[in-house]
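The block underneath contains the structure these notes are about, expressed in structure tokens.
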Amino acid sequence: MARDTAALLDRVRKLLALATSPNVHEAANAAARAQALIEEHRLAALLEAEAAAEAADEADPITDGVELPLERARKIRKWKIALASGLAEVNGCVAYTAARGPETLLLLAGRAADREAVLAIWEWLVRRIEWLSATAGAGQPREWHESFRIGAADAVCERLAAAVVDARASLETAALARIAPSEAERAAAVETFAAERLRLRPGRRLLVDPDALEQGRVAGARMPLRDRE
């Protein structure tokens with residue numbers, strides 16, 4: 001996604017900046033459109049690289065992303081890990097946590113352009129999910145809000161994944177077939193990097209409030225993500 005990446009991310013941020021209404025059901029939100037733009041740009045860059053027989057990975061190598069964490073705190077909230085994992089999967093990265101002294105970092109392993117795509121929509125989604133939780137669960141304990149936000153994060157990421165599918169549907173079948181080998185190689189390279197360099201251990205099973213989780217999923221599924229929803 002090297003082609004005009006800075007211009008794309010500036011457009012994404014401006015798109016999200018339009019969604020500032022305090023009422024989540026009235027806001028002109030644009031996260032799904034932003035994700036579709038990111039995917040369209042990524043596919044166009046892959047097609048250009050394929051046509052020019054370029055080695056895209058050499059220009060944008062896979063790294064552990066430690067220089068640009070999504071968040072740093074003494075303890076990372078579980079729902080933020082769930083959101084980061086979903087966004088990472090949609091954008092070709094791997095989310096993980098790492099201890100650095102007294103802090104824990106929430107990181108993305110992958111290519112710089114893909115990490116930047118996640119960063120462009122991360123803060124906006126965090127604020128929207130926090131607002132949903134505060135609105136729906138006034139007076140509820142912290143555990144309830146944690147479960148609600150995990151459910152909302154899951155539902156939102158599913159919708160962003162659907163936006164990626166829609167973006168790919170606009171591309172000709174022949175074009176998709178040309179870049180399919182490159183896409184498979186890029187995905188495999190990230191998985192190999194994570195397995196060999198990060199040596200991540202399986203995460204602990206999340207204990208959640210099932211009712212709050214479901215309420216969060218419903219709210220996340222309804223949260224406007226497009227400019228006309």
Side-chain angles (χ1 to χ4, degrees), residues 1-9 11-12 31-70 81-98 105-122 125 153-203 225:
M1 202 169 66
R3 190 189 71 161
D4 300 327
T5 299
L8 166 76
L9 296 178
R11 185 179 177 189
V12 165
R33 179 55 185 157
Q35 184 64 66
L37 284 174
I38 290 167
E39 182 65 12
E40 290 166 5
H41 182 85
R42 188 183 69 84
L43 292 171
L46 284 174
L47 282 170
E48 285 188 0
E50 190 273 342
E54 294 177 353
D57 284 346
E58 292 181 7
D60 193 2
I62 300 166
T63 67
D64 60 14
V66 71
E67 74 285 354
L68 196 61
L70 285 175
I81 296 174
L83 178 61
S85 297
L87 289 175
E89 184 175 355
V90 172
N91 290 284
C93 300
V94 172
Y96 68 104
T97 59
L105 305 184
L106 180 54
L107 299 165
L108 294 172
R111 300 169 182 87
D114 295 330
R115 285 198 300 271
E116 289 167 5
V118 175
L119 284 164
I121 56 180
W122 166 258
L125 282 174
D154 286 347
V156 166
C157 289
E158 286 175 5
R159 295 174 66 191
L160 296 186
V164 167
V165 172
D166 290 344
R168 295 176 66 85
S170 66
L171 203 62
E172 293 182 358
T173 302
L176 285 173
R178 288 207 312 273
I179 62 175
S182 295
E183 286 191 295
E185 289 177 8
R186 286 169 64 84
V190 173
E191 291 179 4
T192 299
F193 180 94
E196 295 180 353
R197 299 284 295 276
L198 304 179
R199 298 181 180 179
L200 303 177
R201 292 176 293 180
L225 295 181

Do Ile62 and Arg186 have side-chain heavy atoms sitting under 4.5 Å apart?
no
Within the distance-only criterion (no hydrogens, no angle test), does the side chain of Arg115 pair as donor or acceptor with the backbone N or O of Gly110 below 3.5 angstrom?
yes
side-chain contact (heavy atoms from CB on, under 4.5 Å) partners of Glu196, counting only residues at least two apart
Thr192
Can you tell me how far apart OG (Ser182) and CG (Leu47) are? Round to the nearest 0.5 Å.
9.5 Å
Least distance between heavy atoms, Val12 atom then Ala120 atom:
CG1-CB, 3.9 Å
Heavy-atom nearest pair, Ala167 first then Ala36, reads CB-O, 3.8 Å
What closest approach, in Å, do Asp60 and Arg111 show between heavy atoms, and which atom pair accounts for it?
O-CG, 3.3 Å
Considering residues at least two apart in sequence or located in another chain, which fulfil the salt bridge (Lys or Arg N to Asp or Glu O under 4.0 Å) criterion with Glu183?
Arg42, Arg168
So do the side chains of Val190 and Asp114 get within less than 4.5 Å of each other, counting heavy atoms only?
no
Just verifying a value: how many Å separate Glu116 CD and Ile121 CD1, rounded to the nearest 0.5 Å?
13.0 Å
Taking only residues two or more places apart in sequence or in another chain, which ones pass salt bridge (Lys or Arg N to Asp or Glu O under 4.0 Å) with Glu172?
none
Where is the tightest heavy-atom contact between Leu9 and Ala117, given as atom of each residue plus distance?
CD2-CA, 3.9 Å
Hey, which of Leu107, Leu119, Thr63 is the one that makes side-chain contact (heavy atoms from CB on, under 4.5 Å) with Leu68?
Leu119
Extract all donor-acceptor atom pairs below 3.5 Å that involve side chains of residues 86-97 and protein atoms in other chains or at least two apart in sequence.
from  : atom 1 : to    : atom 2 : distance (Å)
Asn91 : OD1    : Gln35 : NE2    : 2.9
Asn91 : ND2    : Gln35 : OE1    : 3.2
Asn91 : ND2    : Leu87 : O      : 3.0
Tyr96 : OH     : Asp64 : O      : 2.7

Heavy-atom closest pair, residues Leu105 and Pro69:
CB-CB, 4.3 Å
Sequence neighbours excluded, the answer for side-chain contact (heavy atoms from CB on, under 4.5 Å) partners of Leu37 is Leu8, Arg11, Leu15, Arg33, Glu40
Is the shortest side-chain heavy-atom distance between Trp122 and Leu106 below 4.5 Å?
yes
